[in-house]
Amino acid sequence: MYEALFAKHEHRRVLPDLEGAEHGVVMRFAPNPSGPLHIGHARAAVLNDAYVKQYGGRYILRIEDTDPKRVDPEAYDMVKEDIAWLRLGITETVTQSERLPLYYDLCRKLIERGGAYVCICNNERFRELKQAKIACPCRDQPVEKNLGLWERMLDHTFNEGEATVRIKTDLNNPDPAMRDFPAFRILDSPPHPRVIAHVYPLMNFSVVADDHLLGVTHVIRGKDHIANTRRQRYIYDHFGWKVPVYRHYGRMGIEGVVLSTSQMRFGINEGKYSGWDDIRLGTLRALARRGISPDAVKNAVLAIGIGDTDISFSWDNLYAENKKIVDPVANRYFFVPDPFTANIDGALHRTAHAMLHPGDTARGSRILVFEGSVELPRGDITHDTAMVRLKDLFNVTISWDGSIPSFAYAGDSLAEARAAKAHIIQWLPAQGAVPCTLLTQEGEITGVCEPLVTKELGNVVQFERVGFARIDAVGNDGVTAYFTHK
RNA sequence: GCUGCUAUAGUGUAGUCCGGCCAAUCAUGCGAGCCUCUCACGCUCGCGACUGGGGUUCGAAUCCCCAUAGCAGCACCA
């Protein structure tokens with residue numbers, strides 16, 4: 001019976017087979033270090049990870065930092081932290097800015113093979129020619145001339161914008177995006193935070209170089225790279241290299257969330273968001289802070305698979321995955337939002353024992369001592385509630401004198417409460433209740449919680465009748481918790 | 001504009017390659033009920049989709065054509 005239950009939650013979502021993967025794969029996750037990882041990155045990272053686990057092989061983390069404009073020096077560490085959080089099976093890491101000599105070397109070889117040339121036309125001019133399917137004057141230069149120009153790029157004879165290495169493709173290709181695309185350009189500012197360089201490879205070149213050098217066999221990436229895949233084929237062909245197997249999945253959005261790193265950064269700088277882990281953001285650190293488990297992210301992403309349709313990722317689906325993981329683990333506590341202090345007439349002092357987890361009695365219980373006055377959720381005290389049951393304690397009747405409620409002990413019988421259809425509500429002894437702020441994506445809810453909650457720092461708990469929350473901070477002024485989901 | 005990709009319920013997904021077993025799978029969501037000292041968990045039942053139009057065929061979610069919609073690329077970004 002337990003196995004059946006287990007099997008249900010663990011059922012493996014099977015990803016479609018990859019062709020040519022029978023004898024293992026080499027795959028890579030290649031983020032740009034411009035900020036921390038978000039859900040969109042997680043899709044690429046987890047899909048590749050899953051295939052490496054399925055077929056066996058190597059999983060390379062490749063930091064693609066060949067554009068100094070898009071490098072945030074802090075992002076190197078953030079990316080690594082996020083990957084650690086996701087527990088990806090990375091087997092090796094390479095950083096492109098450390099590999100510039102390799103790319104230069106291959107560029108020279110490609111020029112020698114006649115697969116590339118150094119173009120000194122200005123951009124506008126080249127663009128016009130490209131649109132008109134006309135070769136630019138540099139295209140037919142002899143190899144020796146190209147090699148000379150290439151040296152002059154490297155030795156700073158040329159300045160930024162004055163020379164570009166282009167891959168020879170097919171000028172008659174109906175897609176203008178394919179015609180003689182650039183492979184290297186000169187960049188002097190901003191300086192790269194990690195390396196001194198003058199000439200940088202463009203993504204299409206460095207990616208092919210590395211995929212080949214590292215022995216990458218399969219590439220799974222977003223469909224925004226479909227055109228790049230076609231461009232990259234030209235480079236493979238020039239070198240005579242074997243082309244990896246590609247899969248392109250569709251665009252993914254998330255309801256109500258910005259996934260653009262630059263927009264997130266802008267919002268943070270403007271003060272709209274508190275930081276990269278602001279809970280309104282779709283970064284992995286924001287999810288972590290809210291108590292979303294990395295396995296929930298993985299399962300949700302695997303369930304989406306590698307379809308090429310554009311999708312809108314739903315929080316509901318992520319929450320459902322997370323709840324499966326968190327519900328059996330999270331201890332239960334009372335959190336009283338918007339508390340109302342009530343004196344209960346006619347009740348003797350007594351002690352309530354509330355279970356830490358209803359499905360696991362072995363965990364024991366919390367002890368709540370009733371001494372006359374309690375904090376109740378204001379929202380549950382309305383003119384049309386005649387009776388409520390304080391969970392694990394007793395029943396209380398409410399009577400009203402105008403807008404002033406008064407509360408009276410009404411017996412211990414749970415059956416009576418059920419018969420009266422009384423709500424069973426959470427409560428806290430007025431003495432000793434700890435101030436607690438629950439931060440949600442919509443705003444903050446102030447209230448009080450059990451003292452024991454202070455021992456759950458960093459854990460996800462369930463506030464009964466409210467939802468799951470991660471205890472983010474415990475201080476002299478109380479507890480700060482982040483709402484996870486219902 | 002040019003080039004290409006895609007289109008199954010509110011959301012995600014299976015089925016599409018090799019047409020019939022699909023009045024369409026699973027999950028999530030929503031509704032009702034059961035269970036329960038939480039509005040959680042669990043259980044039961046229900047709701048809800050093949051973008052539209054043509055064609056091929058005995059038979060189409062599946063093949064073909066057109067339309068429509070969405071997305072991507074056309075950067076000295078990745």
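Letters A, B, ... are given to chains in the order of the sequence lines, protein chains preceding strands, and every chain is numbered from 1.
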Sugar-phosphate only, base, or nothing, as touched by R230(A) at under 4.0 Å among non-hydrogen atoms: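 Result for R230(A) = sugar-phosphate.
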Sugar-phosphate only, base, or nothing, as touched by G161(A) at under 4.0 Å among non-hydrogen atoms: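 The answer is base, as G161(A) lies within the cut-off (heavy atoms under 4.0 Å) of a base atom.
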With rounding to whole Å, what would you report as the distance between [N] and [M] at their [atom1] atoms?
| N | M | atom1 | answer |
| --- | --- | --- | --- |
| rA9(B) | rU25(B) | P | 14 Å |
| rA24(B) | rA49(B) | P | 10 Å |
| rA61(B) | rC17(B) | P | 12 Å |
| rU16(B) | rC35(B) | C1' | 42 Å |
| rG52(B) | rG12(B) | C1' | 24 Å |
| rA14(B) | rA27(B) | P | 15 Å |

Nearest non-hydrogen partners of Y59(A) and R28(A), listed with the distance: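 Closest heavy-atom pair between Y59(A) and R28(A): CE1-C, 3.7 Å.
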Distance under 6.0 Å and angle within 45° of ring axis: R194(A) vs Y76(A):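 Yes, R194(A) lies over the aromatic ring of Y76(A).
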Donor-acceptor pair, side chain of T283(A) and main chain of W276(A), under 3.5 angstrom: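 At least one qualifying donor-acceptor pair exists.
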Just how far, in rounded Å, is [atom2] of [N] from [atom1] of [X]?
| X | N | atom1 | atom2 | answer |
| --- | --- | --- | --- | --- |
| N299(A) | rU11(B) | CG | P | 22 Å |
| R418(A) | rU36(B) | CZ | P | 7 Å |
| E416(A) | rC37(B) | CD | P | 16 Å |
| D175(A) | rU3(B) | CG | P | 8 Å |
| I304(A) | rU8(B) | CD1 | P | 15 Å |

Side chain R251(A) and base rC71(B) donor-acceptor under 3.5 Å: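 No, no donor-acceptor pair under 3.5 Å.
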Side-chain-base donor-acceptor pair under 3.5 Å for Q462(A) and rU38(B):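 Present.
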